[in-house]
Amino acid sequence: MKKGRKSAKQNHETLKISYLWAMKFGVVIFPGSNCDQDVIDVLSKTMNQEVVKLWHKDHDLQGCDFIMLPGGFSYGDYLRSGAIARFSPIMQEVIQHANRGGYVMGICNGFQILTEAGLLPGALLRNQEQKFLCKNVYVKPQTTSLLATQLLDTNKAYKIPVAHGEGRFYTDADTLKKIQDNDQVMFRYCSHDGIIAPEFDCNGSLDNIAGITNEGRNVFGMMPHPERAADADLGNTDGKAIFESLLAGVLA
Amino acid sequence: MEQTLTTVETAKQLGLLEEEFEKIKSILGRTPNFTELSIFSVMWSEHCSYKNSIVWLKKLPKDSPRMLAKAGEENAGLVDIGDGLACSFKIESHNHPSAIEPYQGAATGVGGINRDIFTMGARPIAQLNSLRFGDITKDKTKGLLKGVVKGIGDYGNAFGIPTVGGELFFDPSYNINPLVNAFSAGIVESGKTVSATSYGVGNPVFIVGSATGKDGIHGAAFASKDITEDSANDLPSVQVGDPFQEKLLLEATLDVIESGCVIGMQDMGAAGITCSTSEMSAKGEHGMEIWLDKVPTRQPNMKPFEILLSESQERMLIVVKKGEEATIKKICDKWDLYCEQIGVVNDSKRLTYFQNGELVADVPADDLVLGGGAPVYHREYREPAYFQETKKFKIDSVSEPKSLEEFKKIAEHLVSHPNICSRRWVSEQYDSMVGTATMTTNMPSDAAIVKIKGTNKAIAIKVDCNSRYVNADPEEGTAIAVAEAARNIVCSGGEPLAITNCLNFGNPYVPEVYWHFVGAIKGMKKACEKFETPVTGGNVSFYNQSSDEGPVFPTPTIGMLGLLEDKSNAMTLAFQKAGDLIYLVGEAQNDINSSEYLYSYQKVALSPAPHFDLEEEYKVQNTIKELIKSKAITSAHDVSDGGLYIALLEAAMPKHLGFSIKTNSDFRKDAYLFGESQSRVVVSVKAEQKAAFEEMLKSKNTGFTLLGEVTSGVCEIDGETWHQTSDMKHVYDNALGEIMAN
């Protein structure tokens with residue numbers, strides 16, 4: 001955090017107009033990343049933030065406050081999504097950054113890498129229908145006591161696209177209970193009018209889970225792509241509120 | 001030099017004619033050795049030389065002020081789109097590999113077409129595909145469709161370029177031989193393009209990308225008797241794709257171009273190193289000395305002809321300026337790609353290939369290539385007997401349906417028909433949104449619209465061909481394919497600029513098949529001239545037939561590029577609001593020729609192509625352009641497969657609306673609703689804009705009819721309720737998935 005002045009709570013009304021915080025974002029580029037530029041475009045052009053690219057072979061986070069792991073097929077993902085990326089040089093730094101309490105967010109392949117790296121619980125298995133799935137889905141925020149969701153409306157269904165072959169969230173019963181008890185579920189898949197039910201779970205995820213946070217609440221992972229829903233030209237800006245939340249200051 | 005001299009028998013086994021073998025001997029002034037003969041056989045193959053098609057291809061229009069590269073000159077077409085930008089685009093077939101091994105066949109088709117685009121320095125931004133399969137109820141067809149779609153998806157999704165649209169058609173003529181045509185478009189700054197050329201004595205020649213393996217060696221199968229009697233069985237004839245390597249190759253290639261060290265570049269597709277070295281040398285009027293032992297290979301002891309002919313994927317041949325060796329090596333090292341100097345440019349105009357210091361082949365570059373010494377043939381053509389049969393069809397031979405029940409039954413038949421129902425079972429397996437530029441995800445349109453970031457522009461792209469029409473009448477059917485592609489671009493708010501074509505036909509040595517080809521070229525020529533959309537290139541795929549079931553429907557797939565100077569002019573096909581008025585722009589006809597209704601419901605196999613008049617079409621398109629620019633309409637959707645009824649339903653479904661319309665008693669009701677006569681567009685208009693809209697159409701002298709109005713969810717015709725949109729949408733959305741699940 002560089003220019004923080006007031007807490008988010010004190011200024012809740014003005015948050016949506018001007019951002020209180022400016023952050024330096026680092027977007028990690030693995031060989032095979034393919035949503036890196038999309039995330040960079042949203043952060044730098046739509047949100048006017050400083051963004052640097054972090055190359056997978058490097059060990060330097062360049063003083064970034066917030067690390068983004070973008071979507072794609074890191075190292076080809078021929079083995080298991082994210083299984084190789086976690087061993088890359090830059091990930092050793094990202095893991096330390098997260099363990100120090102630094103913010104990290106993984107979208108799609110980034111989420112897969114975070115679970116492989118042990119920064120988030122659970123695993124992302126092959127979709128129930130065994131096919132790659134790309135379409136608009138709806139997700140409902142499950143908590144707002146989180147940097148990434150603090151400006152979201154928990155009663156609203158947000159239209160955000162998915163595009164993955166391995167996005168079925170799974171974990172053992174104990175871990176699931178812990179995630180639920182600790183308010184770690186960030187999003188659940190739902191219908192266009194916000195009903196959370198198995199038939200609206202696009203990939204067969206446990207408990208309709210589309211995104212989670214860690215116990216420390218500084219690491220976020222989600223399968224849907226908010227960066228694909230942040231540009232008015234594309235006819236859907238539901239995802240923009242997530243990026244606005246990131247910039248709305250730390251929780252009081 | 002290798003001493004084993006070849007005979008005319010070997011030449012024939014490699015697919016060459018006796019006269020071609022004689023020609024090779026006279027070019028060389030001696031009898032070729034096996035490696036040299038292999039080189040000629042692949043370069044003079046139909047695929048590389050266009051020897052049976054070039055005479056006719058040359059008749060197609062190629063010029064427009066926007067053309068930055070003419071057809072055949074480069075790896076893909078290059079069109080000026082203003083503001084210092086150009087669009088490179090092309091379509092290519094991968095039919096035979098997909099018939100044998102659908103997954104890898106389709107995947108490598110995607111890889112190949114994208115390399116054609118980024119070889120020119122353009123970053124691909126969108127892909128389409130055009131797929132044709134046999135009877136969908138057959139298990140074999142389902143297996144092919146599953147494999148092809150997974151192959152396209154796995155490759156394109158990992159490569160990271162969105163697949164934003166396409167077409168899918170089923171007909172038993174494709175039972176044995178499916179068609180898989182892949183299209184890609186990319187954007188490049190004018191002046192930063194790279195040419196497939198080679199010059200400058202002493203400049204180093206590099207191979208970049210994957211190691212070379214024994215995959216896709218066409219000549220080898222035929223050569224087995226002479227050279228590799230025992231090993232031939234081990235050579236897979238289909239290449240294997242690696243989208244991860246392709247992604248790295250894309251980034252590395254664009255970095256290398258950016259560094260300014262490149263003289264010329266060509267990807268390795270058909271005929272591998274042979275084709276890239278000879279075409280680049282011929283174009284640059286230079287020669288090359290190539291050291292085959294320097295080529296990174298996947299297995300040891302590959303023979304010279306194997307290295308030369310290998311079609312291993314994800315490879316690029318790059319000639320750089322002498323002294324820049326370290327530049328290219330550093331970039332490739334960053335991306336962990338092989339990068340080896342395998343030769344040097346000279347001024348001999350010959351290609352000399354060495355292995356371990358020994359000369360293994362010595363051939364003149366120009367004599368190998370199209371436009372140089374490659375053979376050119378005029379083939380015989382003859383009207384097939386069935387053509388006169390099609391003309392005998394009269395609409396009166398089909399009794400007109402009368403009852404509401406029967407009309408509803410026809411509607412339900414069409415909505416659930418695999419040629420008409422939703423393609424989402426296919427399209428959802430493709431990443432259609434990566435790149436965050438696809439404007440038609442949330443605003444469906446007749447053509448896919450992809451914005452060009454950093455500008456106010458967008459491109460509109462479309463692949464089109466109704467091969468049943470082409471079979472009914474090759475000339476008119478192909479003109480319709482061009483017209484429909486243009487109509488789709490226009491309805492989406494774009495201006496048609498140029499086309500690329502993928503000409504899928506049967507065996508050109510069969511005169512009736514060649515008649516299809518000749519007719520298609522004639523139809524394409526007249527339509528492209530009318531719409532001022534020159535042909536920028538593409539490919540010809542002959543021999544799409546099996547011995548027992550005859551040729552596939554003649555399928556000249558059109559890939560069209562359009563431009564929206566102002567992306568805010570993008571037009572949706574979807575009705576916007578209940579109460580808006582629905583108009584038909586263009587004239588109705590008493591015509592059911594070659595419609596899905598006539599073919600699959602009335603079971604009439606032969607009839608002429610649907611009514612089509614090029615002048616009328618041109619007028620309708622110009623009117624639609626004006627209506628969109630003046631914001632007079634809120635949606636535009638062309639009438640095509642399934643006729644007016646399907647067009648109305650497709651416009652109603654996205655926003656869960658409906659329609660209430662009246663038919664016209666001057667026409668048979670089945671023709672009015674299900675006929676596929678061309679040059680018609682369904683538009684919706686706000687009630688308050690009625691007068692202005694009608695005034696504009698009258699001033700344009702374009703026929704139009706007020707059909708009715710948009711409803712909140714019921715489909716009503718002539719005062720009778722046919723269905724609820726929601727019920728039809730459920731059938732439409734799920735029909736293909738249900739067929740595939742059974």
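Just so we're clear, the structure is a prediction, and the values are computed from it rather than from any experiment. Letters A, B, ... are given to chains in the order of the sequence lines, protein chains preceding strands, and every chain is numbered from 1.
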Contacting moiety of [X], where chain A heavy atoms sit under 4.5 Å:
| X | answer |
| --- | --- |
| B:Ala570 | neither |
| B:Asp242 | both |
| B:Thr438 | backbone |

Checking heavy atoms, do the side chain of [X], its backbone, both or neither come under 4.5 Å from chain B?
| X | value |
| --- | --- |
| A:Lys131 | side chain |
| A:Asn136 | both |
| A:Lys57 | side chain |

If you count heavy-atom pairs under 4.5 Å with chain A, which of [options] comes out on top?
| options | value |
| --- | --- |
| B:Met439, B:Lys247, B:Gln429 | B:Gln429 |
| B:Glu246, B:Lys453, B:Glu428, B:Lys451 | B:Glu428 |
| B:Pro243, B:Ser427, B:Gly153, B:Ser568 | B:Pro243 |
| B:Asn157, B:Leu248, B:Ile161 | B:Asn157 |

**OP:** Show your reasoning for whether side chain to side chain contact (heavy atoms under 4.5 Å, CB included) applies to B:Asp431 and A:His164.
**Re:** CA-CA 8 Å; B:Asp431 190 338; A:His164 57 249; over 6 Å; no

Original post:
Closest heavy-atom contact between A:Cys134 and B:Ser432?
Top reply: SG-N, 3.5 Å

Original post:
Does A:Asn34 use its side chain to pair, donor to acceptor, with the backbone of B:Ala158 at less than 3.5 Å?
Top reply: yes

Original post:
Got a second to check how far A:Arg228's CZ is from B:Thr441's OG1, nearest 0.5 Å?
Top reply: 9.0 Å

**OP:** Evaluate the criterion side chain to side chain contact (heavy atoms under 4.5 Å, CB included) for residue pair B:Met433 and A:Asp38; output intermediate values, then yes/no.
**Re:** CA-CA 10 Å; B:Met433 307 180 209; A:Asp38 300 348; over 6 Å; no

Original post:
Highest number of heavy-atom pairs under 4.5 Å with chain B: which of A:Leu133, A:Asp233, A:Asn236?
Top reply: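 Ranked by contacts with chain B, first place is A:Asp233.
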
Subject >> Residue selection (most heavy-atom pairs with chain B, distance under 4.5 Å) from A:Gly165, A:Ala229, A:Gly76 >> reply: A:Gly76

Original post:
Can you check side chain to side chain contact (heavy atoms under 4.5 Å, CB included) on A:Leu234 and B:Thr436, steps first, answer last?
Top reply: CA-CA 8 Å; A:Leu234 308 186; B:Thr436 53; 4.1 Å; yes

Original post:
Hey, what's the ring geometry for A:Tyr75 with B:Phe244, parallel, tilted or perpendicular (30° and 60° as the breaks)?
Top reply: tilted

